[in-house]
K.L.:
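Input: one structure, supplied below.
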Amino acid sequence: MNSGHAAYNAIRVIDSHTAGEPTRVILSGGPQLKGKTLQESLHYLRTESDCFRLSVIGEPRGSEVIVGALLCDAVDQTAATGVIFFNDVGYLGMCGHGSIGVVTTLAHLGRIGPGTHHIETPVGTVQTTLHDDGRVSISNVPSYRYRAHVPVDVPGYGTCHGDIAWGGNWFFLIADHGLPLVIDHRAELIAYTTAVRKALSAACITGANNALIDHIELEAPPVSSENSARNFMLCPGASFDRSPCGTGTSARLACLYAEGRLKPGDTWYQEGILGTVFQGTIALHGDCILPTITGRAWITGEATLLYDPDDPFRSGIKF
Ligand code: PYC
């Protein structure tokens, strides 16, 4: 059973940010996972050692903005690593900016060089390419639009419409929100997207197989004329993505393809709320698309997290 408090000694981490969004890669010192597949390892982590998650990325060692990336053994021996992504409220199927952070971290450690590398996640294997100039491309999991133009009544705001799409996580993508996608309006953007997520849940509007929609994406024209569009992304919990969001961009590409607005060979320049950009292209895969997202991460720190048994907040602070 989950003991409820963190009994770790020293956890080695490397911090980075991808287009502004932080990733903390956990190299060693975490729980011994059990399971033959990454899904089983994730189940074990979730049910038996969940206190690890908040102890590593929550306050006082981290913050709600950080995405954790726990490196673990891959089942596929040719993969560079297995990885389980999480944030302050739970686990992410896939994480685009986090995968770019993981590849950049492995390169920083000298474990990989420029070229193609596979990363195993609980929702599938992702092919990555580390380019000579430090940029990283992620060939994400098959992505698709599940439902189009779904109306939802948002208390206090009125009705909006959104597409439901899978890009490695479940997204509700809204264009008719009427809000300015600028960082100074972040409090308003968080309040609105949180209300939308609540309204979706209250109306039992879900992804396929009743999956919870936990990411809300607002769309707008780009600020820079060099880009294709801008977004604001509410992550699970109360935090927003500082980057254009890799899985969110994948979901957007799936919707654009479904609308006939994007085809293989086209390049989409997705601007995030800070103005940083991910480049997206697609290939076809049955009824789905295979998105490739390209961006860049930078290493910001190397640290050993310590756990004093007398520290009342050694397991992190749960808000
Ligand atoms: O880049 O896919 C992403 C992501 C998901 C949540 C935060 N970033």
Side-chain angles (χ1 to χ4, degrees), residues 15-25 42 53 57-58 62-70 83-105 119 121-128 135-144 165-173 186 189-190 193-194 197 207 211-219 229-255 268-274 276-280 289-298:
D15 288 344
S16 61
H17 78 83
T18 306
E21 178 76 350
T23 306
R24 174 163 285 172
V25 174
L42 169 58
R53 186 171 50 76
I57 56 161
S63 83
E64 64 181 10
V65 184
I66 297 177
V67 168
L70 174 61
V83 62
I84 296 175
F85 292 109
F86 51 84
N87 74 355
D88 62 322
V89 295
Y91 298 87
L92 296 163
M94 222 309 265
C95 182
H97 93 268
S99 299
I100 294 172
V102 166
V103 170
T104 303
T105 297
I119 296 182
T121 79
V123 295
T125 296
V126 169
Q127 180 177 300
T128 71
R135 288 176 314 131
V136 177
S137 295
I138 306 290
S139 300
N140 195 7
V141 297
S143 303
Y144 62 101
W166 171 256
N169 294 297
W170 281 104
F171 292 85
F172 193 72
L173 301 98
R186 61 193 177 279
L189 296 168
I190 291 171
T193 46
T194 302
R197 188 167 58 199
L212 179 76
I213 300 171
D214 51 7
H215 291 72
I216 310 297
E217 180 166 348
L218 305 182
E219 310 297 345
R230 173 171 276 233
N231 69 15
F232 172 86
M233 182 75 55
L234 181 72
C235 298
S239 175
F240 65 92
D241 200 328
R242 274 64 172 162
S243 84
C245 190
T247 51
T249 299
S250 300
R252 182 79 203 275
L253 298 180
C255 295
W268 184 263
Y269 296 90
Q270 182 66 57
E271 195 177 271
I273 192 70
L274 297 182
T276 54
V277 177
F278 283 166
Q279 226 171 292
I289 59 155
L290 285 177
T292 296
I293 306 297
T294 301
R296 172 106 207 252
W298 288 267

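Nothing here was measured: the structure is a model prediction, and the numbers come from that model. Counting starts at 1 for both ligands and their atoms, in listed order. If you read the sequence from its start, that first residue is 1, and numbering goes on from there.
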K.L.:
First locate atom CG of Leu92, then atom CG of Asp214, and finally report the distance between them rounded to the nearest 0.5 Å.
P.N.:
7.5 Å

K.L.:
Which heavy atom of the protein is the closest neighbour of atom 7 (C) of ligand 1, given with residue, atom name and distance?
P.N.:
Asp241 OD2, 3.2 Å

K.L.:
For Cys235, is at least one N or O under 3.5 Å away from an N or O on ligand 1?
P.N.:
no

K.L.:
Got an N/O contact under 3.5 Å between Thr247 and ligand 1?
P.N.:
yes

K.L.:
Could an N or O of ligand 1 be found under 3.5 Å from any N or O of His215, whether backbone or side chain?
P.N.:
no

K.L.:
Check Glu219 with Arg252, please: is the shortest side-chain N to carboxylate O separation under 4.0 Å?
P.N.:
yes

K.L.:
Could you tell me how the ring of Phe171 sits relative to the ring of His215: parallel (under 30°), tilted (30 to 60°) or perpendicular (over 60°)?
P.N.:
tilted

K.L.:
Just let me know how Met233 lines up against ligand 1, side chain, backbone, both or neither, with a heavy-atom cut-off below 4.0 Å.
P.N.:
neither

K.L.:
For Leu189 and Ile273: C-alpha separation, side-chain torsions, deciding distance, then whether side chain to side chain contact (heavy atoms under 4.5 Å, CB included) applies.
P.N.:
CA-CA 11 Å; Leu189 296 168; Ile273 192 70; 4.1 Å; yes

K.L.:
Between the main-chain N or O of Met94 and the side-chain N or O of Ser99, is there a donor-acceptor pair closer than 3.5 Å?
P.N.:
no

K.L.:
Hey, which atoms in ligand 1 end up nearer than 4.0 Å to a heavy atom of Cys245?
P.N.:
1 (O), 2 (O), 3 (C), 4 (C), 5 (C)

K.L.:
Do Pro22 and Asp15 have side chains that approach each other closer than 4.5 Å (heavy atoms only, starting at C-beta)?
P.N.:
no

K.L.:
Which of the numbered atoms in ligand 1 are under 4.0 angstrom from any heavy atom belonging to Gly246?
P.N.:
1 (O), 2 (O), 3 (C)

K.L.:
So how far is it from Leu218 CG to Phe240 CZ, rounded to the nearest 0.5 Å?
P.N.:
12.0 Å

K.L.:
Mind checking whether Gly96 has an N or O less than 3.5 Å away from an N or O of ligand 1?
P.N.:
yes

K.L.:
Would His97 count as being in polar contact with ligand 1, using the rule that some N or O on each side must be under 3.5 angstrom apart?
P.N.:
yes

